Amino acid sequence: MMRLALSLRWICAVAASFLALYLVLAPSNGALYDLILFPVPDPRTPNVDAQFQALKSITKKDVTFRSADGRLVRGWFLELPGTKRVFLYSHGKGNNIYGKIHIASDLLLCGGSVLMYDYQGYGRSQGKPSVVNACDDAVAAYDYLIEKEHRKGNDIIAFGESLGCGITGQLVAHRTVGGVILHSGATSLMRAGRDTLFWLSLYPDWSFSGQLLDNIAVFSKAHPPLLIIHAKKDKTLCFRNAEDLYGKAIQPKSLLVLPEGGHCSFGQSDEVIVAIRDFLKIHDL
């Protein structure tokens, strides 16, 4: 009897430990997953004057605006003369805007000004990164364009890259934009999490709470013209994300498949620039 009692006690202790671990790793633990999603926000702010000098005929402005929690968000407004069109660029989790000037250069070639900003905790922006804060930061960047640069909603092309695709989707759900470009994104945080963190497959859908950056929910309803760009060989966020989003989004929509390159690739030629220019022309943006 004593041996049986010890065995039962051991089983109960193990079960309790597994239950505790299950609860700790639950998707509802937002603080844990913000830490996983933003483990080391890129704080680097190197001198990039030479890169900006290479961008001809643009005016660069250092901009600062407040997010919903009052923290200062910093970025650059790169104004291309002769057009009201502006790309609102939301970056991924791996770099800040100091490492993304080449993206701004390509977007300028597409015929629009560019506002690029850093989420809280990235670059020179104040605060701490979180999914909720990043969504608020995007709205604040949009509001800056409307209030300070005197753009209208239809002048703004929301451009998201990787994690920024989900941020952009939430912006589109709350603000009016002329068009949307999603580059190398996931359909949702739940999908991305299950693809990269094996234990999340153990949890039912209803256990995922908070801001899920669900782009299928956004684009399965009426939305501005949508261009999805994704590399076939993307190993970070697999190409199936683009296929699923394109399949479930309603019109107007288009999909550019890059046969070469990996995550956040712009292809091996100017195919992305050509596709964006065509997208803007077709939809008169």
Side-chain angles (χ1 to χ4, degrees), residues 38-67 71-129 133-134 137-151 155-165 167-168 171 181 183-184 229 261-270 272-274 276-277 280:
F38 305 103
V40 184
D42 190 349
R44 295 172 295 175
T45 55
N47 188 310
V48 290
D49 290 345
Q51 294 183 63
F52 282 121
Q53 289 169 7
L55 302 178
K56 305 298 183 182
S57 304
I58 64 111
T59 301
K60 170 184 170 285
K61 184 188 298 184
D62 294 329
V63 300
T64 303
F65 42 87
R66 292 193 182 276
S67 194
R71 302 291 186 179
L72 288 177
V73 174
R74 302 181 189 276
W76 298 312
F77 182 56
L78 311 177
E79 187 164 22
L80 186 69
T83 180
K84 281 289 188 180
R85 179 192 297 140
V86 55
F87 294 97
L88 175 52
Y89 171 71
S90 299
H91 62 72
K93 71 171 187 174
N95 298 100
N96 63 33
I97 56 175
Y98 284 80
K100 293 295 183 177
I101 298 173
H102 63 288
I103 303 294
S105 177
D106 287 336
L107 294 177
L108 289 165
L109 290 174
C110 294
S113 303
V114 179
L115 174 61
M116 53 197 316
Y117 66 99
D118 271 326
Y119 309 129
Q120 292 186 45
Y122 281 77
R124 297 175 59 239
S125 291
Q126 296 179 346
K128 294 182 179 180
N133 284 349
D137 299 342
V139 171
Y142 175 99
D143 291 346
Y144 168 85
L145 285 174
I146 299 294
E147 296 166 8
K148 301 298 184 181
E149 301 299 338
H150 310 295
R151 292 322 201 256
D155 296 328
I156 298 172
I157 311 300
F159 186 104
E161 180 183 70
S162 192
L163 173 68
C165 292
I167 307 301
T168 295
L171 173 65
I181 302 173
H183 185 202
S184 299
I229 303 170
H263 191 56
C264 298
S265 171
F266 258 59
Q268 293 188 328
S269 61
D270 59 354
V272 170
I273 294 174
V274 170
I276 293 175
R277 286 175 175 170
L280 298 174

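One-based numbering along the sequence shown. What you see is a predicted model; the values in this text were computed from it and never measured. When reading the values below, keep in mind they use all heavy atoms of this one structure, side chains included, and skip hydrogens, waters and symmetry mates.
Listed here is the closest heavy atom pair of Cys110 and Leu280: O-CD1, 3.6 Å. Across Thr168 and Ala158, no two heavy atoms sit closer than the pair CG2-CB, 3.5 Å. Here the shortest heavy-atom pairing between Lys61 and Glu149 reads NZ-OE2, 3.0 Å. The two residues Cys165 and Gly160 make their nearest non-hydrogen contact at SG-O, 3.3 Å. Residues Ala138 and Leu88 share a closest heavy-atom pair of O-CD2, 4.2 Å.
A heavy-atom distance below 4.5 Å is not found between the side chains of Asp143 and Phe65. Counting heavy atoms from C-beta outward, Asn96 and Arg124 have side chains that stay 4.5 Å or more apart. Taking the side chain as every heavy atom from C-beta outward, Val63 and Trp76 never approach each other to under 4.5 Å. Taking 4.5 Å as the limit, some side-chain heavy atom of Leu72 sits within range of a side-chain heavy atom of Arg74. Looking at heavy atoms from C-beta onward, Ile146 lies in side-chain contact with Ile156 at the 4.5 angstrom threshold. The closest side-chain heavy-atom distance from Leu78 to Phe52 is below 4.5 Å. Between Ile276 and Ile157, the closest side-chain pair of non-hydrogen atoms is not below 4.5 Å. Between Val73 and Thr64, every side-chain heavy-atom pair lies at or beyond the 4.5 Å cut-off.
Taking CD from Gln53 and CD1 from Ile58, the interatomic distance works out to 10.5 Å, rounded to the nearest 0.5 Å. The distance from atom SG of Cys264 to atom CD1 of Ile103, rounded to the nearest 0.5 Å, is 7.5 Å. From Lys84, atom NZ reaches atom CG of Leu145 across 10.5 Å, with rounding to the nearest 0.5 Å. To the nearest 0.5 Å, the span separating CZ on Arg277 from CG on Leu109 amounts to 6.0 Å. Here the straight-line distance linking atom CZ of Phe87 with atom CG of Leu108 works out to 8.5 Å at 0.5 Å rounding. Once rounded to the nearest 0.5 Å, the distance linking CD1 of Ile97 with OH of Tyr117 reads 10.5 Å.
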Worked verdict on Arg71 versus Arg66 for side-chain contact (heavy atoms from CB on, under 4.5 Å): CA-CA 5 Å; Arg71 302 291 186 179; Arg66 292 193 182 276; over 6 Å; no
Go through Leu107 and Phe159 one step at a time and tell me if the side-chain contact (heavy atoms from CB on, under 4.5 Å) criterion holds. CA-CA 9 Å; Leu107 294 177; Phe159 186 104; 3.8 Å; yes
Take Tyr122 and Asn95 through the test side-chain contact (heavy atoms from CB on, under 4.5 Å) and record every step on the way to the result. CA-CA 8 Å; Tyr122 281 77; Asn95 298 100; over 6 Å; no
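In terms of modelled atom types and a separation under 3.5 Å, the side chain of Asp137 and the main chain of Gln120 share a donor-acceptor contact. Distance alone, capped at 3.5 Å, places no donor-acceptor pair between the Thr83 side chain and the Gly112 backbone. With hydrogens and angles disregarded, no donor-acceptor distance shorter than 3.5 Å links the side chain of Ser125 to the backbone of Gly121. No donor-acceptor distance shorter than 3.5 angstrom exists from the side chain of Asp155 to the backbone of Arg85, with no hydrogens or angles considered.
Take Lys148 and apply the side-chain hydrogen bond (donor to acceptor under 3.5 Å, both in side chains) test, not counting sequence neighbours, and it matches no residue. Legend: residues meeting side-chain hydrogen bond (donor to acceptor under 3.5 Å, both in side chains) with Ser184, ordered by chain and number and at least two apart, are absent.
Counted by atom type alone, Ser67 and Tyr119 present zero donor-acceptor pairs between their side chains at under 3.5 Å. Between His183 and Ser162, the side chains place no donor N or O within less than 3.5 Å of an acceptor N or O (distance only, hydrogens not considered).
Between Arg151 and Glu79 there is a salt bridge, since at least one side-chain N of the basic residue sits less than 4.0 Å from a carboxylate O of the acidic one.
Aromatic ring orientation, His91 versus Tyr89: tilted (interplanar angle from 30° to 60°).
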